[in-house]
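The structure appears right after this line, and notes come after that.
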Amino acid sequence: MLPHFGIEADEAKISALGNGHINDTLLVRWPTGELVLQRINTQVFKTPQALVRNADKISHHLCAKALQQQYGLQVVSPCLTQEGELAIDLGEQGFWRAISYLPHSLSIEVVKSEAQAEMAAKAFGHFACALSDFDATELEDVIPQFHHLPGRMEMLRQAVQQDKAKRLESCRQWVDYALSQQSLLDELAEISPQLPLRICHNDTKINNMLFDKRDMSSMAIIDLDTCMKGHLMYDFGDMVRTFCSPEEEDSTALENVKVRQSIFAAICRGYLSELAEVLTEVEKRSLWLGARVICLMIGVRFLTDYLNGDVYFHVHREGHNLDRAANQFTLYQSLLDQEAELKACF
Ligand code: NDG
């Protein structure tokens with residue numbers, strides 16, 4: 001597929017890039033250039049053309065803002081094919097698109113300090129702010145009901161019932177735990193209708209923010225693929241989920257998996273420094289709920305995929321999805337255990 005992007009195959013050096021669970025991401029370097037190539041997982045993204053169109057619109061909007069100097073981060077932009085398209089569909093060989101590579105960029109898996117957390121949260125807040133005047137009807141829903149806890153709980157129940165991979169016995173404890181958190185659904189049902197729909201990133205993991213490796217300043221927000229209309233509490237929640245734990249998402253050292261209060265406070269400071277004027281009072285109140293929902297929901301999704309036989313998330317070892325689920329439920333429980341202290345950070 002390289003020639004479609006104007007690259008001579010025998011001149012190219014290709015290496016795997018990042019730690020994504022869904023798409024295959026490659027860094028391609030050749031004597032006169034470099035770019036990032038991605039094979040979109042079309043099992044997950046059923047309408048990949050809509051995905052590349054969405055990402056293109058978002059990056060255009062951000063580039064325009066950068067020109068007006070209202071957006072201080074760099075923007076990853078699509079690189080068109082030789083045919084002038086946003087992607088190339090090679091059937092059995094995959095649906096491919098290319099995006100610009102930002103030199104000197106670096107992604108991290110675990111937040112090291114409050115300063116790092118605050119900087120990244122500020123960058124995600126800045127991103128949301130820059131998109132606050134983007135016409136939401138321009139974006140297509142690439143994964144309908146993506147952050148929809150009731151639907152995700154239902155999928156877990158179905159997976160339990162079907163027990164396709166015959167794994168239920170090995171994870172019953174976690175299934176019971178997840179299903180016992182039903183009261184969160186009532187809280188959600190009460191608050192969700194009061195929240196405005198905004199353009200959200202929807203995957204604000206720490207590794208979706210690039211740092212400049214020369215001075216570790218914030219450089220860019222990447223992975224625009226799940227940008228859709230939604231509630232900002234989930235973007236806040238995904239930062240809490242991925243910044244606050246001192247362990248990676250799949251670590252089995254559960255005794256270390258907990259929410260670091262100082263990092264939580266740093267996220268609140270950074271995010272609200274950009275968005276305090278934009279968020280409604282109800283949205284501000286919803287942030288605490290967003291943190292709990294996201295941690296529980298990602299645990300539910302990993303557990304469901306484990307029961308279904310690892311058909312959604314890439315796995316690299318036996319029981320990988322179960323390890324991830326146990327880790328995320330442990331983090332969720334740590335949020336509940338520290339409720340009073342964490343709520344005091346807002
Ligand atoms: C992937 C998921 C994201 C999830 C994350 C967990 C999609 C499209 O993995 O939702 O939170 O690390 O499912 N993306 O990025």
Side-chain angles (χ1 to χ4, degrees), residues 16-25 36 38-48 50-52 54-55 58 76 95 97 99 107-111 120 124 139-149 151-153 155-156 159 178 200-210 221-245 247-252 257 290-306 308 310-317 320-332 335:
L17 186 67
N19 201 8
H21 296 341
I22 310 287
N23 300 320
D24 298 315
T25 306
V36 176
Q38 273 190 317
R39 179 172 32 202
I40 303 298
N41 181 332
T42 51
Q43 292 300 314
V44 168
F45 295 109
K46 311 267 189 227
T47 52
L51 174 150
V52 292
N54 279 0
I58 297 277
V76 281
F95 183 97
R97 64 98 175 269
I99 40 187
S107 66
I108 61 170
E109 297 298 324
V110 172
V111 167
F124 277 118
L139 291 186
E140 299 165 69
D141 270 357
V142 283
I143 304 185
Q145 305 214 304
F146 188 48
H147 287 327
H148 189 256
L149 184 61
R152 299 292 184 179
M153 290 289 236
M155 287 182 203
L156 173 61
C200 299
H201 181 279
N202 285 319
D203 201 1
T204 53
K205 309 202 274 192
I206 189 61
N207 60 13
N208 275 334
M209 136 111 211
L210 297 181
I221 301 296
I222 56 167
D223 195 349
L224 310 178
D225 298 344
T226 44
C227 283
M228 287 180 280
K229 298 182 285 289
H231 299 319
L232 282 178
M233 64 171 172
Y234 298 126
D235 278 0
F236 175 82
D238 235 345
M239 290 191 288
V240 170
R241 181 180 82 79
T242 60
F243 297 12
C244 286
S245 177
E247 292 286 322
E248 290 191 33
E249 166 191 88
D250 60 354
S251 161
T252 53
V257 173
R292 284 172 295 150
V293 170
I294 281 286
C295 290
L296 179 69
M297 186 163 62
I298 307 292
V300 165
R301 292 176 58 197
F302 285 141
L303 187 57
T304 304
D305 199 34
Y306 174 70
N308 286 341
D310 309 318
V311 290
Y312 187 95
F313 296 105
H314 289 168
V315 288
H316 307 293
R317 61 177 188 251
H320 204 168
N321 271 318
L322 179 57
D323 291 345
R324 290 171 175 151
N327 177 308
Q328 297 296 290
F329 291 139
T330 305
L331 191 67
Y332 168 74
L335 273 175

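First listed ligand is number 1; within each ligand, the first listed atom is number 1. The figures that follow rest on heavy atoms only: side chains count, while hydrogens, waters and symmetry mates do not.
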- Task: Taking only Lys NZ, Arg NE, NH1 and NH2, and the carboxylate oxygens of Asp or Glu, determine whether D223 and K205 approach each other closer than 4.0 Å.
- Result: no
- Residues N19 and N207: side-chain donor-acceptor under 3.5 angstrom: no
- Task: Taking only heavy atoms of the protein into account, state which residues are under 4.0 angstrom from an atom of ligand 1, in chain and number order.
- Result: H21, I22, F45, I143, F146, D203, K205, T226, R241, E249, I298, R301, F302, Y312, F313
- Look at the rings of F302 and H21 and say which category their plane angle falls in: under 30° parallel, 30 to 60° tilted, over 60° perpendicular. perpendicular
- Of all residues at least two apart in sequence or in a different chain, which pass the side-chain contact (heavy atoms from CB on, under 4.5 Å) check with D235? C200, H201, N202, T204, L232, Y271
- Distance-only donor-acceptor check, side chains N327 and R324, under 3.5 Å: no
- Task: May I ask you to check whether H320 and D310 show a side-chain donor-acceptor distance below 3.5 Å?
- Result: no
